[in-house]
**Student:** 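Below is the structure I would like to discuss, written out as structure tokens.
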Amino acid sequence: MPELPEVETTRRGIAPFLLGDRVERVEVREPRLRWPVPADLDQCLAGTEMLSLDRRGKYLLARNVRGTLIAHLGMSGSLRVLTRPEPPSPHDHVDILMAGGTVIRYRDPRRFGCLLWTGGDPFDHPLLRDLGPEPLSDGFDGAYLHRCSRGRRAPVKGFVMDARVVVGVGNIYASEALSMAGIHPLRAAGRVSRQRYDVLAGAIRDTLERSIRLGGTTLRDFVNPAGEPGYFEQTLRVYGRAGQPCRTCGAPLRQVVVGQRSTFYCASCQR
DNA sequence: CAACGGACCTGCCTGC
DNA sequence: TGCAGGCAGGTCCGTT
């Protein structure tokens with residue numbers, strides 16, 4: 001489900017309820033996520049105030065005086081804010097109960113996500129250490145992508161989805177950004193010009209920023225922490241639109257599999 | 001190193 | 001109606 005815009009939407013949604021309040025306790029009903037939820041997570045969080053909630057790629061980082069909670073939503077994860085008690089559904093694995101009475105509820109049917117704890121610098125954690133730049137930061141531009149891509153023969157679509165290259169670009173937004181930039185998803189990353197990487201870097205940035213503004217993409221079930229859907233789906237150019245007309249030239253959009261992921265593009269607009 | 005396939009899970013939809 | 005098969009927004013890990 002969540003790519004960068006959905007994770008950022010989630011961060012903004014829970015921040016007002018998590019920050020400036022004290023954690024009462026943590027209730028773990030199902031610790032078997034991608035990696036086990038630490039057995040002492042409650043001791044790490046209980047009684048402390050959350051000091052900051054940041055995002056690094058698709059990871060959420062919630063810091064208190066003792067360390068940092070590292071959260072990832074995987075494919076099907078979500079965090080919701082409950083202002084009144086609600087009985088947990090089967091996949092509501094973890095609750096963070098705040099002193100003020102609100103509950104931050106972690107749900108993840110497929111359990112590809114994780115909730116981990118680190119007492120050290122979270123950016124030194126093995127999961128975060130090797131991540132590439134944030135696509136909305138100044139360090140990310142066409143010159144960087146061009147430099148990074150030299151000698152790479154694999155498709156450019158997989159290249160921009162590689163978190164060591166740039167974080168946060170998942171399967172939807174990779175197709176969308178390549179469509180905006182007019183680049184064929186199967187083109188070898190090393191055979192895209194510097195000029196075209198300038199356009200692509202801008203397209204990635206624009207696509208992600210626009211989606212954040214619209215509250216993310218709701219394909220099946222994404223809702224923000226308040227339970228509201230995102231509206232970016234209505235503006236998708238290619239994702240999920242195989243056979244339908246290209247919004248630019250009218251040609252039927254195509255679907256191929258790249259690196260085991262469905263990929264959508266216009267054969268006449270993207271070269 | 002870069003590149004690829006498999007693995008981890010459940011739910012939902014399609015077609016027989 | 002039941003069931004098998006395929007597919008889904010991620011990403012780590014082992015092998016070539």
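Below, read A as the first sequence line, B as the second, and so on, with proteins coming before strands; counting in each chain starts at 1.
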**Student:** Identify whether the distance between the nearest side-chain nitrogen and carboxylate oxygen of Glu86(A) and Arg80(A) falls below 4.0 Å.
**Tutor:**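 Salt bridge flag = yes for Arg80(A) with Glu86(A).
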**Student:** For the OG1 atom of Thr263(A) and the NE2 atom of His184(A), what is their distance to the nearest 0.5 Å?
**Tutor:**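 Nearest 0.5 Å value for the OG1-NE2 distance: 10.0 Å.
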**Student:** Can you measure from CE (Met50(A)) to CG (Leu19(A)) and round to the nearest 0.5 angstrom?
**Tutor:**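 One gets 7.5 Å once the value is rounded to the nearest 0.5 Å.
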**Student:** Please report the distance, rounded to the nearest Å, between CD1 in Ile212(A) and P in dG9(C).
**Tutor:**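 The distance from CD1 of Ile212(A) to P of dG9(C) comes to 19 Å, rounded to the nearest Å.
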**Student:** How many Å lie between CD on Gln260(A) and P on dG6(B), as a whole number?
**Tutor:**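 To the nearest whole Å, that distance equals 7 Å.
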**Student:** In Å, rounded to the nearest 0.5 Å, how long is the span from CD of Glu3(A) to CG of Leu208(A)?
**Tutor:**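 Reported value, rounded in 0.5 Å steps: 8.0 Å.
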**Student:** Could you tell me how the ring of Tyr173(A) sits relative to the ring of Phe232(A): parallel (under 30°), tilted (30 to 60°) or perpendicular (over 60°)?
**Tutor:**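 Plane angle between 30° and 60°, so tilted.
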**Student:** Which residues in residues 119-137 of chain A have at least one heavy atom lying under 4.0 Å from any atom of DNA chain B?
**Tutor:**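 Residues of residues 119-137 of chain A under 4.0 Å from DNA chain B: none.
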**Student:** Let me know the distance between CG of Asn224(A) and P of dG9(C), rounded to the nearest Å.
**Tutor:**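 From Asn224(A) CG to dG9(C) P: 21 Å.
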**Student:** One pair to check against side chain to side chain donor-acceptor pair (under 3.5 Å): Arg107(A) and Ser89(A). What are the steps and the verdict?
**Tutor:** CA-CA 9 Å; Arg107(A) 152 184 278 232; Ser89(A) 302; 3.2 Å; yes
**Student:** Please classify the nucleic acid contact of Tyr59(A) as base, sugar-phosphate, or nothing, using heavy-atom distances under 4.0 Å.
**Tutor:**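 Sugar-phosphate: the residue Tyr59(A), judged by heavy atoms under 4.0 Å, touches backbone atoms but no base.
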**Student:** Look at the rings of Phe264(A) and Tyr239(A) and say which category their plane angle falls in: under 30° parallel, 30 to 60° tilted, over 60° perpendicular.
**Tutor:**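 Rings of Phe264(A) and Tyr239(A): perpendicular, as their planes differ by over 60°.
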**Student:** Quiz question: by atom type and distance under 3.5 Å, do the side chains of Ser52(A) and Arg63(A) form a donor-acceptor pair?
**Tutor:**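 Note: Ser52(A) and Arg63(A) side chains meet the donor-acceptor criterion.
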**Student:** Taking dC3(C) as the reference, what is the distance to dC9(B) when you measure between their P atoms (whole Å, please)?
**Tutor:**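 Looking at atom P only, dC9(B) and dC3(C) are 24 Å apart.
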**Student:** Just jot down the salt bridge (charged side-chain N to carboxylate O under 4.0 Å, His left out) partners of Arg187(A), sequence neighbours excluded, or say none.
**Tutor:**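 Residues passing salt bridge (charged side-chain N to carboxylate O under 4.0 Å, His left out) with Arg187(A): none at all.
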**Student:** Reckon Ser262(A) has a side-chain N or O less than 4.0 Å from the OP1 or OP2 of dA8(C)?
**Tutor:**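 Answer is yes, contact under 4.0 Å.
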**Student:** Rounded to the nearest 0.5 Å, how far does CG of Leu128(A) lie from NE2 of His72(A)?
**Tutor:**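 So the gap between those two atoms works out to 9.5 Å.
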**Student:** When Leu69(A) is tested against each of Leu41(A), Leu18(A), Val26(A) for side-chain contact (heavy atoms from CB on, under 4.5 Å), which residue passes?
**Tutor:**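 It is Leu41(A); the other options fail the test.
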**Student:** Give, ordered by number, those residues of residues 174-194 of chain A having at least one heavy-atom distance below 4.0 Å to an atom of DNA chain C; if nothing qualifies, reply none.
**Tutor:**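 Residues of residues 174-194 of chain A under 4.0 Å from DNA chain C: none.
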**Student:** Among the nucleotides dA8(C), dG10(C), dA3(B), which one has an atom lying closest to any side-chain atom of Lys58(A)?
**Tutor:**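 Nearest to the side-chain atoms of Lys58(A), counting from C-beta on, is dG10(C).
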**Student:** In whole angstrom, what separates Arg261(A)'s CZ from dG6(B)'s C1'?
**Tutor:**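 Going from Arg261(A) (CZ) to dG6(B) (C1'), I get 14 Å.
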**Student:** Atom CG of Leu4(A) to atom C1' of dG10(C): distance rounded to whole Å?
**Tutor:**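 The answer, rounded to whole Å, is 13 Å.
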**Student:** Provide, to the nearest angstrom, the distance between the CZ atom belonging to Arg153(A) and the P atom belonging to dT16(C).
**Tutor:**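 From Arg153(A) CZ to dT16(C) P: 21 Å.
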**Student:** Between dA3(B) and dG9(C), how far apart are the two C1' atoms, rounded to whole Å?
**Tutor:**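 Roughly 23 Å separates the two C1' atoms.
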**Student:** Where the side chain of Glu6(A) is concerned, which of dA3(B), dG9(C), dC12(C) is the nearest nucleotide?
**Tutor:**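 So the nucleotide nearest the side chain must be dG9(C).
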**Student:** Can you check nucleotides 8-10 of chain B for protein contacts, nitrogen or oxygen pairs under 3.5 Å, and list what you find?
**Tutor:**
| unit_1 | atom_1 | unit_2 | atom_2 | d |
| --- | --- | --- | --- | --- |
| dC9(B) | O3' | Arg111(A) | NH2 | 3.0 |
| dC9(B) | O2 | Arg110(A) | NE | 2.9 |
| dC9(B) | N3 | Arg110(A) | NH2 | 3.4 |
| dT10(B) | OP1 | Arg111(A) | NH2 | 3.0 |
| dT10(B) | O4' | Pro109(A) | O | 3.4 |
| dT10(B) | O3' | His91(A) | NE2 | 3.1 |

**Student:** Expressed in angstrom and rounded to an integer, what is the separation of Ile172(A) atom CD1 from dG10(C) atom P?
**Tutor:**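 Spelled out: CD1 on Ile172(A) to P on dG10(C) is 7 Å.
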**Student:** Taking the side chain as every heavy atom from C-beta outward, state whether Arg241(A) and Gln255(A) have any atom pair closer than 4.5 Å.
**Tutor:**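 No - every pair of side-chain heavy atoms lies 4.5 Å or more apart.
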**Student:** Separation of Glu233(A) atom CD from dG9(C) atom P, in whole Å?
**Tutor:**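 After rounding, the reported distance stands at 13 Å.
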**Student:** Is Arg29(A) paired with Glu27(A) through a side-chain N to carboxylate O contact shorter than 4.0 Å?
**Tutor:**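 Counted as a salt bridge, because a side-chain N and a carboxylate O are separated by less than 4.0 Å.
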**Student:** Can you tell me which stems DNA chain C forms, taking runs of 3 or more consecutive Watson-Crick or G-U pairs with both distances under 3.5 Å?
**Tutor:**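 Detected stem regions: B:2-8 with C:10-16, B:10-16 with C:2-8.
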**Student:** Side chains of residues 110-127 of chain A: which donor-acceptor pairs under 3.5 Å do they make with residues two or more places apart or in other chains?
**Tutor:**
| unit_1 | atom_1 | unit_2 | atom_2 | d |
| --- | --- | --- | --- | --- |
| Arg111(A) | NH1 | Arg32(A) | O | 2.9 |
| Thr118(A) | OG1 | Gly120(A) | N | 3.1 |
| Asp121(A) | OD1 | Phe123(A) | N | 2.9 |
| His125(A) | ND1 | Leu127(A) | N | 3.0 |

**Student:** Report the distance from atom CG of Leu145(A) to atom CZ of Arg194(A), rounding to the nearest 0.5 Å.
**Tutor:**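 Leu145(A) atom CG to Arg194(A) atom CZ measures 10.0 Å (nearest 0.5 Å).
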**Student:** Does Tyr173(A) place a side-chain N or O at less than 4.0 Å from the phosphate oxygens OP1/OP2 of dG9(C)?
**Tutor:**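 No, Tyr173(A) has no side-chain N/O under 4.0 Å of OP1/OP2 on dG9(C).
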**Student:** It should be established whether His72(A) places a side-chain nitrogen or oxygen under 4.0 Å from OP1 or OP2 of nucleotide dT11(C).
**Tutor:**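 Yes, His72(A) has a side-chain N/O under 4.0 Å of OP1/OP2 on dT11(C).
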